[in-house]
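These values consider heavy atoms only, across backbone and side chains, with no hydrogens, waters or symmetry-generated copies.
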Amino acid sequence: MNDNNNVFISTVFKGKMSDGAEIKSRDVIKAIEGFEESIKIISKNIYGKDCNISCNLKAPKKGSFELNYIFQFIGMAPMLLNPVYIEQLPDILSVLYELFIKSEGKKVKSIEKNNNGGINLNVDDGATVMFDNCTFNIDNNILKDTLNDDKLRESITKSHTPISNQSAERVIYKNNKNKELSTVTKNNYMAFNPLVEKMTEDEKEMELWVKGLSFDGKKWDFQDKLSEESFSAPIQDMSFQKTILEGEPFKNGDSIVANVFIKYSDKKGKRNQYMITKVIEHIVAPTQLTIR
């Protein structure tokens with residue numbers, strides 16, 4: 001039932017209120033917003049382009065509450081990466097949802113092909129999730145980043161608001177031929193939740209350029225001489241703070257050797273946290289002589 005570049009997907013809510021052709025209006029609004037947001041992110045990740053989405057509301061019938069979506073891809077070639085076809089969007093959605101559920105909310109560390117012509121997902125706890133049902137070829141790094149995409153996870157979680165708010169027990173995704181693509185239930189919907197941030201800690205000696213000073217207890221600006229990474233950090237060394245208060249001079253080009261406590265986050269886009277625990281040495285930059 002594809003019309004030019006249109007793709008059709010429906011979501012059917014079953015259980016509790018929805019079986020009586022009712023559902024909370026706020027849940028429907030969130031479900032529509034979440035599903036539209038998630039498809040836009042999937043389209044951007046997989047196809048590299050945006051798509052237009054419209055949701056058609058039909059009079060619900062007893063036994064379910066159904067939302068019908070039309071996705072239109074404007075100005076896109078019929079064949080894209082690797083190749084990935086526009087018409088495969090429902091199947092891509094089905095595979096993604098199954099992989100989310102199979103990985104049980106764990107971060108995907110890597111994806112590799114297996115001997116069965118499918119893929120293996122290596123997840124955060126060291127386990128391997130095998131999937132032999134892949135009927136299309138998507139770059140493994142794109143697939144990994146899509147499964148780890150917190151914005152996508154937030155959107156899909158929003159689309160399952162009727163389950164979390166108990167106005168439905170499951171959501172069934174279907175294509176235009178009424179074929180079931182995926183089913184999300186109250187037992188597995190939390191697999192789509194945003195990944196839990198994991199923090200690791202380390203303390204090491206570093207030699208740092210001083211890029212910005214602070215004499216009112218705020219963070220100083222530094223640059224690691226080894227990695228050239230720039231960061232801001234408070235100085236917790238009380239004896240060093242005392243020497244600063246007593247007037248020890250600093251100037252551009254000075255550096256320090258210090259013990260630095262670091263908190264690393266595995267959350268994409270989140271900066272690591274730094275704290276100077278002890279200043280070991282203040283290295284004064286040589287004074288440039290003026291030639292007359």
Side-chain angles (χ1 to χ4, degrees), residues 1-2 6-46 51-72 88-108 129 131 133 146-196:
M1 189 179 165
N2 283 359
N6 287 349
V7 178
F8 300 83
I9 296 176
S10 64
T11 61
V12 182
F13 298 92
K14 303 280 288 183
K16 293 186 180 292
M17 291 175 61
S18 52
D19 281 353
E22 294 183 27
I23 199 167
K24 296 175 183 175
S25 59
R26 288 184 179 179
D27 292 352
V28 173
I29 292 169
K30 284 188 175 294
I32 293 171
E33 288 178 345
F35 191 66
E36 290 186 355
E37 289 168 4
S38 65
I39 290 295
K40 286 181 179 179
I41 295 171
I42 291 170
S43 173
K44 195 71 173 179
N45 287 356
I46 304 298
C51 63
N52 293 336
I53 305 171
S54 62
C55 177
N56 296 333
L57 292 174
K58 294 184 178 179
K61 56 187 178 182
K62 190 173 182 180
S64 69
F65 190 98
E66 187 171 334
L67 304 174
N68 295 280
Y69 296 89
I70 301 173
F71 308 94
Q72 186 178 36
Q88 286 184 328
L89 177 61
D91 292 328
I92 290 173
L93 180 78
S94 177
V95 169
L96 285 175
Y97 274 47
E98 186 169 348
L99 292 177
F100 274 118
I101 293 169
K102 278 181 173 288
S103 57
E104 297 178 336
K106 300 181 182 73
K107 184 176 182 178
V108 178
V129 176
F131 187 73
N133 231 0
T146 300
L147 292 170
N148 291 335
D149 191 325
D150 265 347
K151 288 186 177 179
L152 175 58
R153 286 176 166 272
E154 288 171 4
S155 298
I156 298 176
T157 298
K158 189 193 296 185
S159 71
H160 298 143
T161 299
I163 298 178
S164 59
N165 284 351
Q166 300 183 353
S167 59
E169 292 182 354
R170 61 191 183 278
V171 181
I172 304 170
Y173 296 90
K174 295 183 178 182
N175 64 12
N176 62 294
K177 297 178 181 178
N178 208 36
K179 176 186 174 183
E180 185 177 315
L181 301 171
S182 181
T183 297
V184 179
T185 72
K186 61 181 180 180
N187 294 324
N188 61 27
Y189 78 96
M190 292 184 69
F192 301 91
N193 286 357
L195 296 165
V196 176

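Rounding to the nearest 0.5 Å places CD1 of Ile9 at 5.0 Å from CD1 of Ile39. For the atom pair CG of Asn45 and OG1 of Thr146, the computed distance is 4.0 Å after rounding to the nearest 0.5 Å. Put simply, CG on Asp27 and CG on Asn165 are 4.5 Å apart, with the number rounded to the nearest 0.5 Å. In this structure, CD1 in Ile53 is found 11.5 Å from CD1 in Ile32, a value given to the nearest 0.5 Å. Here the CG-CD distance, from Asp91 to Gln88, works out to 6.5 Å after rounding to the nearest 0.5 Å. Expressed to the nearest 0.5 Å, how far CG of Asp149 lies from CD of Glu154 amounts to 9.0 Å.
Between Tyr69 and Phe35, the two ring planes are tilted [angle within 30° to 60°]. Ring planes of Phe192 and Phe100: tilted class, angle from 30 to 60°.
Put simply, the side chain of Ser94 gets close to the backbone of Leu181: a donor and an acceptor are under 3.5 Å apart. A distance-only check finds no donor-acceptor pair linking the side chain of Asn68 to the backbone of Phe8 [under 3.5 Å].
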List, one per line, each side-chain donor-acceptor pair under 3.5 Å for residues 182-189, sequence neighbours excluded.
residue	atom	partner	partner atom	Å
Thr183	OG1	Glu180	OE2	2.5
Thr185	OG1	Asn187	N	3.1
Asn188	OD1	Thr185	N	2.8

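Contact record, Asp150 with Leu195: OD1-N, 3.1 Å, taken as the closest heavy-atom pair. When all heavy atoms of Arg153 and Ala191 are compared, the pair lying nearest together is NH1-O, 3.0 Å. What you find for Ser103 and Val129 is that their closest heavy atoms are CA-CG2, 4.1 Å.
Remark: Ser155 engages Glu37, Ser38, Ile41 in a side chain to side chain contact (heavy atoms under 4.5 Å, CB included) (not counting sequence neighbours).
By the neighbour-count criterion of 12 heavy atoms within 6.0 Å, atom NZ of Lys30 is sparsely surrounded, having that number or fewer from other residues, nucleotides or ligands. A 6.0 Å sphere centred on NZ of Lys24 holds more than 12 heavy atoms belonging to other residues, nucleotides or ligands.
Side-chain atoms of Leu93 and Pro90, non-hydrogen and from C-beta on, never get closer than 4.5 Å to each other. By the 4.5 Å heavy-atom criterion applied to side chains, Pro162 and Val171 are not counted as neighbours.
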